[in-house]
2 protein chains.
Amino acid sequence: MKLKEFAKQLGLSPTTVSRALSGYPEVSEITRARVAEEAVRLGYRPNVNAVRLKTGRAGAIGVVMGRAGEFHFAEFMAGMAERLVPEDTDILVIPMADPDDDKEMELYRRLVESQRVDAIIMHSPRPDDARIALLHALGMPFLVHGRSDIDVPHAWLDIDNEGAVRRATAHLLDLGHTRIAMINGRPGATYALHREKGYRSALASRGIAADPGLIASGNFTDELGFRFAKAFLERSDPPTAIVAGSMMSALGVYRAVRSLGLQVGMDVSVIAHDDVFPYLSADNMAPSLSATRSSMRAAGTRCADLALQLIRGVSPLEIHEVWPVELILRESTGPVRR
Amino acid sequence: MKLKEFAKQLGLSPTTVSRALSGYPEVSEITRARVAEEAVRLGYRPNVNAVRLKTGRAGAIGVVMGRAGEFHFAEFMAGMAERLVPEDTDILVIPMADPDDDKEMELYRRLVESQRVDAIIMHSPRPDDARIALLHALGMPFLVHGRSDIDVPHAWLDIDNEGAVRRATAHLLDLGHTRIAMINGRPGATYALHREKGYRSALASRGIAADPGLIASGNFTDELGFRFAKAFLERSDPPTAIVAGSMMSALGVYRAVRSLGLQVGMDVSVIAHDDVFPYLSADNMAPSLSATRSSMRAAGTRCADLALQLIRGVSPLEIHEVWPVELILRESTGPVRR
DNA sequence: ACATGAATTGAAAACGATTTGGCTAGCGAG
DNA sequence: CTCGCTAGCCAAATCGTTTTCAATTCATGT
């Protein structure tokens with residue numbers, strides 16, 4: 001059913017029908033009601049592509065996805081959906097190319113020029129992320145989930161990674177630990193730098209020098225968690241506590257600790273970052289895992305909301321949010337053993 | 001830069017330019033080359049929305065996402081991206097409403113009518129899934145990832161859940177286990193029924209009656225894996241082996257076994273289904289996990305490919321694929337202890 | 001020399017909506 | 001009675017492409 005046909009059935013002009021449905025003021029309430037009712041009854045629905053062409057709006061928000069199938073991604077998108085479904089805005093997944101490649105830039109350029117999305121949400125930027133500069137230059141509204149130091153205006157939402165890790169580390173120090181290892185995320189991303197900063201500043205405030213041999217970074221996988229933790233613990237001067245970057249890393253760490261005949265919470269304290277997944281909870285691990293916690297789903301919802309604001313013309317300069325991170329203490333952390 | 005303007009720069013008509021770029025045969029090779037080259041140089045790119053309106057193609061494939069942020073979803077989409085990016089086809093995420101609700105149906109109807117996608121991929125159907133009937137009735141090309149008994153033509157790709165679980169169960173029986181528990185997925189979905197069928201048929205072929213007390217179902221979470229396994233093992237007649245539905249369930253099962261002072265692979269054998277995630281591998285668990293394995297990422301790639309075929313007019317009746325599932329034996333399975 | 005046909009190219013009509021700029025009717029004020 | 005104003009509606013232009021139909025050129029066979 002097309003507008004013209006639908007309008008004819010109603011004995012109205014396309015103009016009036018369009019206006020009635022889009023809520024313009026110059027149509028009488030009584031007609032509006034009739035149009036709305038008949039639209040449902042006859043099943044008339046404006047063709048999105050026509051609307052998009054005419055209005056220039058895409059009715060969709062793009063979200064950049066890494067090619068590695070990161071486990072937090074579905075959770076973030078589920079959060080986005082919560083906000084975007086009622087808004088009748090689509091979620092378009094934009095698979096990332098190799099970030100160091102020129103192709104990545106070309107991809108964004110094409111995406112913007114093709115007017116497929118009204119805004120873009122991107123994750124895990126680097127301090128000097130060229131994508132941010134590009135999106136700004138192209139005039140595309142975009143929201144950065146994470147932070148960057150780059151000198152162009154951009155909207156962002158981030159969690160307080162530095163503070164979270166600082167508190168986690170400080171807590172371990174309070175418990176008497178002095179040799180504390182850290183398993184960070186992929187080097188280069190700002191969040192990883194912030195976490196390292198938090199770690200270092202906590203140590204520094206107690207006059208402890210960070211041992212480079214106790215810092216490792218890599219993807220958030222069970223395997224790397226295991227390998228790094230094992231390597232740490234097999235040193236001649238092993239750490240008594242480990243700060244890990246994700247739930248998956250934590251699984252590996254637990255495994256490594258156990259594999260050496262040690263006990264988490266007794267021989268080795270562990271704190272990890274928990275993005276709050278429905279399928280794997282820190283509380284349920286054995287022993288239960290002390291964690292810095294921040295909901296990935298909530299972040300998705302809020303990011304979607306902020307992206308909508310950008311589309312509506314709010315200045316990127318007004319959109320900067322740092323979310324606090326909870327530190328939840330459970331059984332995996334305990335006083336240092338002597 | 002619009003077509004008209006671009007064409008004028010070239011001293012050609014919009015018609016010819018459009019044809020040159022879309023690869024129609026009636027334009028001379030020499031002009032085509034020139035057009036292609038200049039398009040890059042001047043940065044001309046057809047406006048997607050205009051193309052979509054005119055051609056009626058959306059250039060996007062929709063994939064239905066559960067609201068629970070299932071952990072396999074990102075992996076599946078990453079697989080889709082592999083096939084769809086070179087094809088310049090978008091991935092649209094369609095958040096599911098409550099499946100029992102009428103809203104779910106309304107959602108699909110709107111989606112189809114708005115012509116936002118050229119095809120839809122849906123997961124985990126039920127045997128009588130009304131969504132399939134609806135999509136068929138609406139004439140929208142769609143691919144079911146999973147299987148359904150519903151009596152309308154539909155394309156599908158599924159793994160051999162029944163065979164996988166039958167083999168897993170049979171292997172446990174071969175090892176001497178006779179009390180074997182099963183932790184299944186959410187009841188209702190076909191894959192869960194198939195798995196139960198495989199489980200029962202393996203038992204039946206050895207003349208063993210399935211004990212309803214050893215069958216549990218629910219979401220694939222660590223927590224439910226733990227709770228179910230614990231409940232099984234605390235019975236007066238505990239099972240000596242457990243078949244679990246996912247990696248997360250397996251984590252919970254391992255935890256439950258350990259929490260009772262038992263040992264996986266010795267006191268209790270465990271087999272789980274592994275969708276192959278980059279962040280959590282069965283091989284790395286301790287003890288390493290015997291698993292029925294099938295790559296979720298590969299499924300995503302293939303599903304995308306099949307969806308493209310549907311769009312190109314291949315009949316749904318010709319698209320039915322059952323993928324075999326590997327059974328990988330590792331340390332978590334061993335002979336029954338007496 | 002002329003018709004025929006193949007190879008290129010263009011003009012103009014869609015695609016299905018939104019929106020600008022009237023138009024009409026009805027009402028109250030002057 | 002006329003004018004001006006408002007409320008409500010409509011005709012037609014427009015968004016940026018693709019595609020139908022027709023026109024032009026040029027070589028070829030007769």
Side-chain angles (χ1 to χ4, degrees), chain A residues 1-36 38-39 42-60 88-90 110-118 311, chain B residues 1-36 38-39 42-60 88-90 110-118 311:
Chain A
M1 167 91 49
K2 340 207 151 178
L3 173 58
K4 213 159 138 186
E5 187 184 345
F6 176 54
K8 190 170 290 175
Q9 298 240 356
L10 289 184
L12 286 171
S13 76
T15 313
T16 307
V17 172
S18 171
R19 280 182 173 139
L21 292 175
S22 318
Y24 277 65
E26 57 255 284
V27 47
S28 78
E29 266 319 315
I30 179 159
T31 340
R32 182 193 311 290
R34 190 163 69 96
V35 171
E38 290 291 282
L42 299 175
Y44 167 71
R45 234 165 245 306
N47 175 306
V48 217
N49 295 321
V51 174
R52 288 176 179 178
L53 171 58
K54 182 59 199 176
T55 62
R57 286 176 238 124
D88 204 30
T89 297
D90 288 337
R110 289 177 52 172
L111 179 68
V112 170
E113 276 166 5
S114 67
Q115 300 185 39
R116 271 191 281 241
V117 295
D118 294 320
I311 292 173
Chain B
M1 168 93 46
K2 339 210 149 175
L3 173 57
K4 214 159 141 186
E5 186 184 346
F6 176 55
K8 190 169 290 175
Q9 298 241 355
L10 288 182
L12 287 171
S13 74
T15 313
T16 307
V17 172
S18 170
R19 278 180 177 139
L21 291 175
S22 317
Y24 277 64
E26 58 255 281
V27 49
S28 79
E29 266 321 313
I30 179 160
T31 347
R32 182 194 311 292
R34 190 164 69 95
V35 171
E38 290 292 282
L42 298 177
Y44 167 70
R45 232 165 245 309
N47 175 305
V48 221
N49 295 322
V51 173
R52 288 176 179 178
L53 170 59
K54 184 58 200 179
T55 63
R57 288 176 234 124
D88 204 30
T89 298
D90 288 338
R110 289 178 52 172
L111 180 68
V112 171
E113 277 165 6
S114 67
Q115 300 185 42
R116 271 192 280 241
V117 295
D118 295 321
I311 292 172

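Throughout, protein chains are lettered first and strands after them, A, B, ... in sequence-line order, and every chain is numbered starting at 1. These numbers come from the heavy atoms of this one structure, side chains and all, not from hydrogens, waters or symmetry mates.
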Out of dT18(C), dT9(C), dG16(C), which nucleotide sits closest to the side chain of V51(A)?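 Comparing dT18(C), dT9(C), dG16(C) against the side chain of V51(A), the answer is dT18(C).
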Can you figure out which of dC15(C), dT18(C), dT9(C) approaches the side chain of L53(B) most closely? dC15(C)
Counting any heavy atom closer than 4.0 Å, what does [X] reach on the DNA or RNA strands: base, sugar-phosphate only, or nothing?
X: R45(B); answer: sugar-phosphate
X: T15(B); answer: base
X: S28(A); answer: sugar-phosphate

5′-ward residue of the pair A50(B)/P25(B) relative to DNA chain C: P25(B)
More 5' along DNA chain C: V17(B) or T55(A), using each one's nearest nucleotide?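 Closest to the 5' end, via its nearest nucleotide, is V17(B).
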Check whether [X] reaches the backbone of [Y] with its side chain - one donor and one acceptor, N or O, closer than 3.5 Å.
X: R45(A); Y: V112(B); result: no
X: D118(A); Y: G59(A); result: yes
X: S18(B); Y: P14(B); result: no
X: R32(B); Y: Y24(B); result: yes

Could you state the interatomic distance from [atom1] ([X]) to [atom2] ([Y]), rounded to the nearest 0.5 Å?
X: L111(B); Y: D90(A); atom1: CG; atom2: CG; answer: 8.0 Å
X: R110(A); Y: R116(A); atom1: CZ; atom2: CZ; answer: 7.0 Å
X: I311(A); Y: T89(A); atom1: CD1; atom2: OG1; answer: 6.5 Å

For the student: nearest non-hydrogen atoms of Q9(B) and L42(B), plus distance: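 Result for this residue pair: OE1-CD1, 3.8 Å.
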Return the value, rounded to whole Å, for the distance between atom [atom1] of [X] and atom [atom2] of [N].
X: L10(A); N: dG8(D); atom1: CG; atom2: C1'; value: 16 Å
X: R32(A); N: dC9(D); atom1: CZ; atom2: P; value: 10 Å
X: I30(B); N: dA7(C); atom1: CD1; atom2: C1'; value: 14 Å
X: N49(B); N: dT18(C); atom1: CG; atom2: P; value: 14 Å
X: L3(B); N: dT19(D); atom1: CG; atom2: C1'; value: 13 Å
X: R34(B); N: dT9(C); atom1: CZ; atom2: P; value: 9 Å
X: K4(A); N: dA13(C); atom1: NZ; atom2: P; value: 14 Å
X: Y24(A); N: dT6(D); atom1: OH; atom2: P; value: 21 Å

Shorter than 3.5 Å, N or O on both sides, protein versus nucleotides 23-26 of chain C: list them out with atom names.
none

Regarding dA17(C), can its base be found pairing with the side chain of K2(A) as donor and acceptor, where the two atoms are less than 3.5 Å apart? no
Look at the side chain of R19(A) against the base of dG8(D) and say whether a donor-acceptor pair falls under 3.5 Å; ignore hydrogens and angles.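 It does not, because no donor-acceptor pair links the side chain of R19(A) to the base of dG8(D) below 3.5 Å.
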May I ask you to evaluate whether [X] reaches the phosphate of [N], defined as a side-chain N or O under 4.0 Å from OP1 or OP2?
X: Y44(A); N: dG16(C); result: no
X: S18(B); N: dT18(D); result: yes
X: T31(B); N: dT8(C); result: no

